[in-house]
Amino acid sequence: MSRVRARFGAALVVAAVLAGALGGCGAKQGGGTEGGQADKEPYRIGAVVSLTGTYAGLGVPEKKAIELQRDAVNASGGINGHPVEVIFEDDATDPAKAAAAATKLIDQDGVLAIIGATGTAQTMAMRSEVQRAGVPQVSMAGGSVITDQLDPMVFQTPWPNRIVVPFVLKAIAGKGLAKVALISDSGGYGKDGHAIIAKEAPAAGITIVADETFNPGDTDMSSQLTKIRAAKPDAVLMWNAGKEAALIAKGMKQLGMTQPLFGGPGNGRKEFIQGAGDGAEGFRFAAGKILVPSAYGTDTEAYRVATEFIDSYTQKYGEPPDIFAGHAYDAFLIVVDALKRVEGEPTPAKLRDAIEQTKGLVGVGGTFSYSPTDHNGLTESELVLYRVENGAWVLDTQ
Amino acid sequence: MSGADALQFVASGLQNGAIYALMALGFTLVFASTGIINFAQGEFFMLGGMLVAAGVAAGVPLGACVIGAVAMTAAIGCLVERLALRPARSAGGLALVIITIGCSMLIKSGARHLFGPDERAVPPFTAGQPLRVAGALIDPQALWVIGLAVAAAAALTAVYRFTKVGLAMRACSISHDAARIVGIDTARVVMLAFGLAGALGALAGAAVAPVTQTAYDVGARMGLKGFAAALLGGLGDPVGAIVGGFALGLLESGAVAFVSGTYKDAVALVVLLAVLVLRPQGIVGRHLGEKL
């Protein structure tokens with residue numbers, strides 16, 4: 001009996017160790033400071049990204065972009081001689097885990113700032129922690145709520161829904177489509193977009209004729225789409241950022257729905273095109289200019305910054321960066337730029353003030369100018385409309 | 001609601017229901033032969049889809065990928081039983097259930113490291129336009145999903161009813177000790193149950209992947225749905241698993257049609273709870289007391 005117990009115990013231990021080893025290494029990579037200066041203390045920055053769960057497809061390129069830029073900064077001598085160390089935490093697309101990750105980064109690692117999270121709900125869940133500790137947070141999520149509910153500690157790099165939604169609605173109305181069916185996810189980003197779409201639609205001359213929702217992780221949209229089909233809309237607008245987008249595009253095709261489909265920046269992913277196949281053709285979405293850099297205008301500083309990033313990213317990872325990698329590039333850039341401007345030994349409080357004083361900083365997603373009342377600093381002019389054609393993105397010239 | 005739309009909801013419910021039925025059969029087979037709930041069942045589903053996606057990406061013909069994925073997952077099911085559960089079989093039911101949870105974490109983490117975190121697309125089994133049935137449009141892959149589920153259920157029923165192995169499995173489900181006394185190798189029967197559970201889960205995962213895409217983390221959610229379907233129909237009863245699966249699929253579809261997509265899961269689970277309160281043995285199941 002005791003031998004059996006011992007073997008059972010051993011089996012459990014082995015299983016636990018293996019699970020721990022396999023599950024844990026994602027979070028442990030990337031703490032290194034290759035090419036950095038050994039003589040001065042590294043500046044520590046935390047990064048909370050979704051490496052697993054619904055937003056894994058967003059968080060993984062974000063982590064890659066931060067690692068690339070960290071190495072570039074360290075290779076060129078760091079910040080005033082200090083190398084930068086980035087500690088990554090995976091929130092598994094779970095708000096509770098994002099909050100726990102923030103606590104760990106603040107209390108155990110003593111970071112100067114936190115980049116993240118990938119998602120809106122996760123970003124909001126970290127708020128009480130960054131407030132408590134007075135550590136600045138630069139989010140890579142696009143929910144308007146992040147900077148509408150202004151918090152002195154929280155900054156944002158993507159174009160929030162309050163900027164993107166009116167842009168998309170105008171584009172839809174501009175094509176003579178008035179009756180729109182909305183399908184959005186019940187997560188943070190979808191809810192945020194849903195509220196703004198409902199508010200802005202009348203001003204754009206658009207009537208919402210069907211309003212369907214789904215849960216992140218759902219694998220079947222046909223029931224929702226059947227209801228949308230019955231409402232006979234002129235166009236369908238989806239608002240989500242996860243992998244469910246492909247199911248909507250594909251499902252519409254399967255149900256014989258020929259209405260044009262529109263979306264937001266969260267849908268600018270190659271996995272969407274692969275997943276939706278033919279269903280992705282003709283899909284239009286608003287996003288920044290990184291997907292087709294000529295949109296910046298080839299003689300601009302933004303074009304130079306973006307193409308340099310695109311080239312180095314492509315060279316290292318074998319594929320061009322998507323818009324999420326761009327948001328991460330901007331978040332890291334904002335923190336590094338502010339660190340350079342801090343006088344004396346940086347503290348989270350000094351760094352926060354320096355981030356708020358960011359002026360005319362040219363990034364990939366736009367030119368960032370923060371103020372005590374604006375922690376996003378972007379406008380509609382950073383957005384363009386894309387269309388999927390032959391399995392690739394092209395600018396949708398209206 | 002027009003008739004065509006109603007039919008569309010039914011088609012969607014049947015397609016999801018077929019997947020839940022296959023998952024529920026996997027739960028039921030293991031429960032019948034061991035009395036435990038195998039929480040790694042959802043990961044068998046994930047492996048089916050991911051192995052097919054990986055095979056297709058490597059240039060293997062789709063048909064071979066599906067057969068290979070089902071066979072490999074069946075083997076993994078046997079290994080779970082042989083390496084993780086059998087050494088601990090005297091430890092009691094709760095410990096065994098916890099071991100299956102450990103196995104599911106191990107399989108999921110392993111898949112993430114092997115295949116990466118991104119979702120994968122799988123081509124449909126047969127190309128073609130959706131079929132028009134009385135105004136509703138049915139995706140050919142949905143027919144594959146439903147057809148494979150029905151065929152698997154029929155094959156399993158035949159094995160259960162008409163073969164010696166099936167007889168042994170039924171004997172085990174009635175009484176392990178009595179089965180052993182009459183000379184049945186119960187350890188092998190249990191291993192076979194896990195292998196079959198792996199095959200059924202993988203078949204469900206492979207069949208539905210062209211419709212839904214797949215990813216390393218789809219298992220837990222589907223495991224929960226399959227478990228709910230098995231309970232709904234009556235745990236331990238193969239016919240109940242199939243009835244429960246289709247019932248859950250139709251319920252969810254109805255929840256979206258009449259309530260909201262947000263509350264789809266909640267509506268289905270509330271009905272499940274109601275059924276369990278009024279009829280603890282499930283829709284089809286015999287009273288558990290009779291079995292003891």
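Convention: sequence-line order gives letters A, B, ...; per-chain numbering from 1.
- A side-chain donor from one of A/Arg229 and B/Gln8 sits under 3.5 Å from a side-chain acceptor of the other.
- Of all heavy-atom pairs spanning A/Pro216 and B/Arg221, the tightest one is O-NH1, 4.0 Å.
- Using a 3.5 Å distance cut-off with no hydrogens or angles, the side chains of B/Thr262 and A/Ser186 do not pair a donor with an acceptor.
- For A/Lys191, the NZ atom sits in a loose shell: 12 or fewer heavy atoms of surrounding residues, nucleotides or ligands are nearer than 6.0 Å.
- Interface summary for chain B: among A/Gln274, A/Glu271, A/Glu244, A/Met221, the most heavy-atom pairs under 4.5 angstrom belong to A/Glu271.
- Atom OH of A/Tyr317 has more than 12 heavy atoms from other residues, nucleotides or ligands within 6.0 Å.
- Listed options A/Ala276, A/Gly251, A/Gly217 were ranked by heavy-atom pairs under 4.5 angstrom with chain B; first place goes to A/Gly217.
- Note on B/Glu119, B/Lys108, B/Gln213: by heavy-atom pairs under 4.5 Å with chain A, the leading option is B/Glu119.
- The minimum heavy-atom distance linking B/Asp139 with A/Gln254 is given by the pair OD2-NE2, 3.3 Å.
- The number of heavy atoms from other shown groups lying within 6.0 Å of CD (B/Gln129) does not exceed 12.
- Shortest non-hydrogen contact noted between A/Asp220 and B/Lys264 is O-NZ, 4.1 Å.
- What you find for A/Thr213 and B/Ser260 is that their closest heavy atoms are OG1-OG, 3.5 Å.
- Proximity to chain A (any heavy atom under 4.5 Å) is shown, for B/Pro123, by neither the backbone nor the side chain.
- Proximity to chain A (any heavy atom under 4.5 Å) is restricted, for B/Ala215, to the side chain, taken from C-beta onward.
- At a cut-off of 3.5 Å, with distance as the only test, no side-chain donor of B/Thr212 or A/Thr219 sits close to an acceptor on the other residue.
- With respect to chain B, the highest number of heavy-atom pairs below 4.5 Å among A/Leu255, A/Asp211, A/Thr226 belongs to A/Thr226.
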Worksheet entry | Stepwise side chain to side chain donor-acceptor pair (under 3.5 Å) test for B/Asp217 and A/Thr52 | CA-CA 8 Å; B/Asp217 62 350; A/Thr52 54; over 6 Å; no
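- Two residues are said to be in side-chain contact when any heavy atoms from C-beta on lie closer than 4.5 Å; A/Lys227 and B/Phe9 meet this criterion.
- Heavy atoms closer than 4.5 Å to chain B are found nowhere in A/Pro61, neither backbone nor side chain.
- The two residues B/Ser12 and A/Ser223 have their closest heavy-atom pair at OG-OG, 3.2 Å.
- With a threshold of 4.5 angstrom between heavy atoms, A/Lys250 approaches chain B through side-chain atoms but not through N, CA, C or O.
- With a 4.5 angstrom heavy-atom cutoff, A/Asp218 touches chain B via backbone and side-chain atoms both.
- Closest heavy-atom contact between B/Gly261 and A/Asn215: O-ND2, 3.7 Å.
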